[in-house]
Each structure stands twice: as C-alpha cells, then as structure tokens.
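Everything below concerns the one structure shown next.
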Amino acid sequence: MKKVATRFAPSPTGPLHIGGLRTALFNWLYSKNKSGKFYLRIEDTDKERSKEEHKIQIINSLKWMGIEHDGEEYIQSEMIGEHVAIAKRLLENGNAYKCYCSAEEIEEQKKRAKQKKIPYVYNRKWRDISEDQTPKNIKPVIRFKSKINGTSLLKDLVQGNVEIENNTIEDFVILRNDETPTYNLSASVDDHNMEMTHIIRGDDHKINTFKQIQIYEALGWDIPKFAHIPLIHTIDGKKLSKRDNASTLEDYSKIGILPESLRNYLLRLGWSYKDKEIFDLDESIKLFNLEGIGKSPSKLDMSRILSMNEYYIKNSEENILYKKLKEYCEIYKDKIEEEKENTMKNSLKFLKNKAKTLEDIFNNSKYLLNDKVIFNDSDKKLINDEAKKIIHLFKEKISKIDVFDRENLEQIVNGLIKLKNTNFKGVGQPLRIMLTGSKFGPGIYDIILSLGKKEVIKRLGNVGQDNI
RNA sequence: GGUCCCUUCGUCUAUCGGUUAGGACACAUGGUUUUCAUCCAUGAAAGAGGGGUUCGAUUCCCCUAGGGACCGCCA
C-alpha cells in the first residue's frame, strides 16, 4: 500500500477564496489523518494571469489557517518540458494526433452547433488522416484520441459510481499550437510524477477526471483515487467565485475572524461527524474522513461563522488571544501602544465575553486604547445638570476610598442611586458616557476598574469643559 | 441544448427500512444581568411531488419538478 499523498493545486490568478481554502483543508486533513504527505502545486502555466503576489498570498493564507505543505512548492511552469515530452510520447504511441483546424474553424462549428441547438463535440476531423496528407504550412495542435465507444466508470470516493458515455468526451487538446501543454495534460503528468494517491478537488473537475484517466491509461500509469467534493454556493445558490463579496480569506481576517474558527466552520461545511460541532485541530485530523462528506453543495452562512468565532474567542486563553488581537490591530487597525499592553491583557477577561470578532474587541476597547474621549452630540445632551451633579459626587467619593475595587464601587453607586432617588441607569449612563464616549460597552465596573482610579478621576473632570 | 450531479427545519447537518425525524446556527418568547451583550429556559421550524418495492419507507427503485456543475488552444 502506497503512502497517502494529496495535493492542493491552485492557479495563482487571484487571491485564494474560501472554497479553495476548504479544498486545501480537506486534502491536508486527509493526508494528516493517514499520516501521509500534503503537497502544494502552483498551476501557473497561464502566464498572462498568473501573478507572483497571488502565489505568496495563497501560501500565506494556507499558513494563516495552519496548513503547511510538505517539501517545496511544486511550480508547474517549471515542468512544462516534461509535459511536452509526454504529449510527444502520446503522439508516437498513437494515443494522440495532430489537428490542423484553425481556431476560427472551431469557433464557427461551435456557433453553428449553438444555433442548431445541438451539442458541440469536436468532429475529430484529423483523427484518422495519415501524416502525408496533412498541410505543411499550418502549425497543428495535438489532440488526445479519446475513446469513442462504450462507457467509462469513475469510482468516486464521495460521489459514488459515476458512469458516462465515452463519446461525450471529445478529443481534447493536450498541446497548443505554440507547443505549450494544456491543463488536463499538465495536471495528469504532475499528479503522476508527484505520486499522488488521492485527488480531492472541487466537483467542477469531475468531467476533467474522465479525460485525465484516459491519459493515465494510455501511459500505463497507476490511477489515483478521486474524491470530488461539492462546491460552496453563495446564498443565492451559485458557485462561489472570487468576484463574490465575502469570498476571499481576507474578507474574514479583516473583520477579525480567527483561523481556528474558520477552519472549524469550513470543516463542518459539507462534512459532519455525528452531532459534533466543535473540532479542535487534533480532533479534526483524527476524525476526518471522506465518508462524512455530503454530496450536495452547501451555502455560506455568515451568522454561523460569527457564532463559531464567538465561541473560539470566549474559549481563548487571554495571553494567546491578546497576541492575536495585537497582530490583528497592527494589520487592520492601529498598533496597540506598548504601555497599554498589560491593561489590554487584563481587560480581555471581560472584553472577550462581549465579542463575536476581534474587531468587536477592538471597538469595545477604544476607551482604553485612546486617551482622549470623543463625545457625540446626542450623548452630550444626556449629561444634564442632574447627571453632572451625580458625576461630581461620584468623583468625590472615589477620591476618598483607599481600596479601588468592585465592592467599594458598587457601594458608592448604590449609595448615589438612593441619594438621588434614581435607578442604575441614572448613575451608570452618565458615568459610561464620560468615561468612554458611548452609551454601550462593557459593564460599568469593568470600565472603571480597567481605567484605574487616576484616569477615571481625570475623565470625570471633563465635565464643565468641551461643551459638556 | 447535451452530459453528469444534487434535493431533510431559513442555514449547516444527524438518520445507514420501524425515531414523538435529533443537534447546531439564526429566529421568537420568558428569566438572570439595573447599558449592549453574555448566560439559562422555552418555542416555532423540515423529508420537493408522484408512482412503485415492502408488513412498514426520509431511507431502496423509477418518473416528474426544481437547483447546480461542466461543455476553452483557462486552470
């Protein structure tokens, strides 16, 4: 039994989107589960559209989610010579032939087929014409001699048995007239050379598989096992593409989705293990299998991602969470000043219970991050004369206490509520606005304690200034 | 249009012929919390339709409908 080897083979023509990320995840998990290898192949043979920056973005995206490939990344464009050689071999073995149809001629045939509403299949014009009858002034493409009769069966590990009439697979081009190989040739040769045992990829490749299997057979190569996973659909049921919003990894990282949340979400999208919802990294590796993959496409659900993220944030240890927050703020918000570090770390205990994303934490901690409180006009109006009196009294009272803790603060607040014959809101709201510039946020005692006595007194002193 | 695939609550899914069709997210209501949340409890919510097979079908088979993917000298 050969050691399991899987690969993820994106083309670097754009940023990785989360459908691709899920495919990579499934490949990676499967290989880890089988103690096998996982490789990354960059399919950059489309020179026009392939970009180095996208390649880097893809690798970083995988790394972000904890997916690391074995060995160096395999660069497909470097192997073109090999692909061309195989095309020639196929030609010599009689499994392929030169086709002299011009692009215009093919275009014309397609157009006509469309008009007549009949399916277009390349007419195999040059399939059986001997070499001495061919034009010498036209550069041919090389087409693979696909089977014409009978049916082919794909024993797909996810889709089950899929049978297709061979004559629906046309004689596809394997080498263009500029001597460059096409996808189905390159992919087959590379997968063979890389000794892939399992090819796990999107459903959209299913028809290609029939072509690729024929190439394997023509060359006498071992055929890997295939698993075609259903695609991720947008909310209106279409294949997810890079153009859809909220489709790239960046769309999620920028609002502060944690890698482990997205990993868990993507794992459970189209795959299940009993009623289990939360899988830590070890569990996902241990429990992942192809049998658990469903056959129908699934839709992306943002509220589910958010709720997963909320779970992972709540269950993060504060020091680890802080590291992630720090990194997040550096990239997407403002750098957290060093002197705020301890305060922030300590405050995460309560901040993390009110957040679905790192961005929420950032927003809820602005009062700690910024020394100057910014007020909006409608909030300012809430600081009326009565509120001002309460703020003054509160300031006076906390100045006098020795132990600045929750218990003493509660006593003071409750005392004020009684004295002023009001409710908690009557005291809490003015304080909250003065201290944070917002009506919402963490609990008032958390705010006060996290700011510290000195800062609280200072901020409450703003009453009477700045139009307040 | 052709080929192939899919179809259980709004969403992700469990069920491998016998269940009051289960869970999670979202939603609604109530409670806790004197902000917003959290948390807790409760609730509403599904087998596309029609035929078979069977003592019995969500489950197996067929048809219909709906949806999707592919149909490049892109990958």
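The structure displayed is predicted, hence computed values, not measured ones. Lettering of chains follows the sequences in order, A, B, ..., and the numbering in each one begins at 1.
Residue A:Pro230 is out of contact with every strand shown, counting any heavy-atom pair closer than 4.0 Å. Here A:Gln76 lies in heavy-atom contact (under 4.0 Å) with sugar-phosphate atoms only. Among the heavy atoms of the strands lying under 4.0 Å from A:Thr45 are primed sugar atoms or P, OP1, OP2 only; no base atom is included. Contacts of A:Asn177 with the nucleic acid, taken as non-hydrogen atoms under 4.0 Å apart, include base atoms. Backbone-only contact: A:Gly237 has heavy atoms under 4.0 Å from sugar-phosphate atoms and none from a base. Residue contacts for A:Asn414: at a heavy-atom cut-off of 4.0 Å it reaches a base atom on one of the strands shown. Across all strands, A:Asn364 comes closer than 4.0 Å to no nucleic acid atom at all (heavy-atom distances). Counting any heavy atom pair closer than 4.0 Å across all strands shown, A:Glu163 reaches sugar-phosphate atoms only and no base atom. Residue contacts for A:Val141: at a heavy-atom cut-off of 4.0 Å it reaches a base atom on one of the strands shown. As judged by a 4.0 angstrom heavy-atom cut-off over every strand, A:His205 is placed among the base-contacting residues.
Comparing B:U7 with B:U13, their P atoms are spaced 10 Å from each other, to the whole Å. Comparing the P positions of B:G1 and B:U20 gives an interatomic distance of 45 Å, to the nearest angstrom. Remark: the separation of the C1' atoms in B:C9 and B:C4 is 29 Å, to the nearest Å. Between B:A41 and B:A57, the two P atoms lie 38 Å apart (nearest whole Å). Taking atom C1' in both B:C25 and B:U59, the straight-line distance is 26 Å, to the nearest Å. B:U8 and B:U19 are spaced 14 Å apart, taking the C1' atom of each and rounding to whole Å. Taking atom P on both B:U38 and B:C27, the two are 9 Å apart, rounded to the nearest angstrom. Rounded to the nearest Å, the gap between the P atom of B:G68 and that of B:U11 is 14 Å.
Nearest heavy atom pair, residue A:Ala387 against residue A:Asn384, reads N-OD1, 2.8 Å. Residue A:Ser188 comes nearest to A:Trp221 through the heavy atom pair O-CZ3, 3.9 Å, listed as atom of the first residue, atom of the second, then distance.
For A:Phe424, taking side-chain heavy atoms from C-beta onward, the closest of the listed nucleotides B:A75, B:U34, B:A69 is B:U34. Among B:G67, B:C73, B:A75, the nucleotide with an atom closest to any side-chain atom of A:Glu43 is B:A75. When the nucleotides B:C70, B:A75, B:A26 are ranked by their closest atom to the side chain of A:Asp204, B:C70 comes out on top.
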Practice problem: Could you check A:Tyr74 against A:His69 for side-chain hydrogen bond (donor to acceptor under 3.5 Å, both in side chains), going step by step and ending with a plain yes or no? | Solution: CA-CA 10 Å; A:Tyr74 185 107; A:His69 55 276; over 6 Å; no
Practice problem: Test A:Lys55 against A:Asp44 for salt bridge (charged side-chain N to carboxylate O under 4.0 Å, His left out), laying out the working first. | Solution: CA-CA 9 Å; A:Lys55 179 186 125 185; A:Asp44 59 343; over 6 Å; no
Quiz prompt | From CA spacing to verdict: salt bridge (charged side-chain N to carboxylate O under 4.0 Å, His left out), A:Lys352, A:Glu317 | solution = CA-CA 10 Å; A:Lys352 73 178 187 181; A:Glu317 194 274 326; over 6 Å; no
Exercise. Give the intermediate values and the outcome of side-chain hydrogen bond (donor to acceptor under 3.5 Å, both in side chains) for residues A:Thr248 and A:Asp251.
Key: CA-CA 5 Å; A:Thr248 68; A:Asp251 293 325; 3.2 Å; yes
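Remark: P of B:A37 and CG of A:Asn363 are 16 Å apart, rounded to the nearest angstrom. The distance from atom CD of A:Glu170 to atom C1' of B:C70 is 12 Å, rounded to the nearest whole Å. If you measure from atom OH of A:Tyr100 to atom C1' of B:C73, you get 15 Å, rounded to the nearest angstrom. One interatomic measurement links the two molecules: CD of A:Gln109 to C1' of B:C71, which rounds to 15 Å at whole-angstrom precision. Taking atom CD1 of A:Ile207 as the reference point, atom P of B:G2 lies 15 Å away to the nearest angstrom. Atom CZ in A:Phe226 sits about 16 Å away from atom C1' in B:C4, given to the nearest Å. Remark: P of B:C25 and CD1 of A:Ile305 are 15 Å apart, rounded to the nearest angstrom. Taking atom CG on A:Leu157 and atom C1' on B:C5, their separation rounds to 16 Å, with Å as the unit.
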All N/O contacts under 3.5 Å from nucleotides 10-15 of chain B to the protein, with atom names and distances to one decimal?
unit_1: B:C12; atom_1: OP1; unit_2: A:Lys299; atom_2: N; d: 3.0
unit_1: B:C12; atom_1: O2'; unit_2: A:Arg268; atom_2: O; d: 2.9
unit_1: B:U13; atom_1: OP1; unit_2: A:Gly270; atom_2: N; d: 2.7
unit_1: B:U13; atom_1: O3'; unit_2: A:Ser272; atom_2: OG; d: 3.1
unit_1: B:A14; atom_1: OP1; unit_2: A:Ser272; atom_2: OG; d: 3.2

Are there any protein N/O atoms within less than 3.5 Å of an N/O atom in nucleotides 38-48 of chain B, and if so, which ones and at what distance?
none

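Of the two residues contacting RNA chain B, namely A:Cys99 and A:Phe440, the nearest-nucleotide position lying further toward the 5' end is that of A:Phe440. Sequence order on RNA chain B of the closest nucleotides to A:Ile164 and A:Ile106 puts A:Ile164 first from the 5' end.
Proximity of the aromatic rings of A:Tyr122 and A:Phe172 is defined here by a centroid distance below 6.0 angstrom, and this criterion is not met.
At a threshold of 4.5 Å between non-hydrogen side-chain atoms, the residues A:Leu21 and A:Leu262 count as touching. Side-chain contact check for A:Ile361 versus A:Tyr328: every heavy-atom pair is 4.5 Å or farther apart.
Sorted by first then second residue, the side-chain hydrogen bond (donor to acceptor under 3.5 Å, both in side chains) pairs that include residues 293-304 of chain A, not counting sequence neighbours, are A:Glu277-A:Arg304, A:Asp301-A:Ser303.
Of all nucleotides present, only B:A24 satisfies the Watson-Crick or G-U wobble test against B:U11, with each distance under 3.5 Å. Remark: B:G17 base-pairs with no nucleotide in the shown strands. Criterion, Watson-Crick or G-U wobble with two distances under 3.5 Å. Across all strands shown, B:A69 pairs with B:U3; the Watson-Crick or G-U wobble distances both stay below 3.5 Å. Base pairing analysis places B:C39 opposite B:G31; the two distances defining the Watson-Crick or G-U wobble pair are each below 3.5 Å.
Under the side-chain hydrogen bond (donor to acceptor under 3.5 Å, both in side chains) rule, A:His228 has a single partner from A:Asn208, A:Asp204, A:Asp156, which is A:Asp156.
Around the NZ atom of A:Lys425, the shell of radius 6.0 Å holds no more than 12 heavy atoms that belong to other residues, nucleotides or ligands.
Using a 30° and 60° split on the angle between ring planes, A:Tyr216 and A:Phe226 fall in the perpendicular class, above 60°.
Contact check, A:Lys206 against B:A69: no side-chain N or O comes under 4.0 Å of OP1 or OP2.
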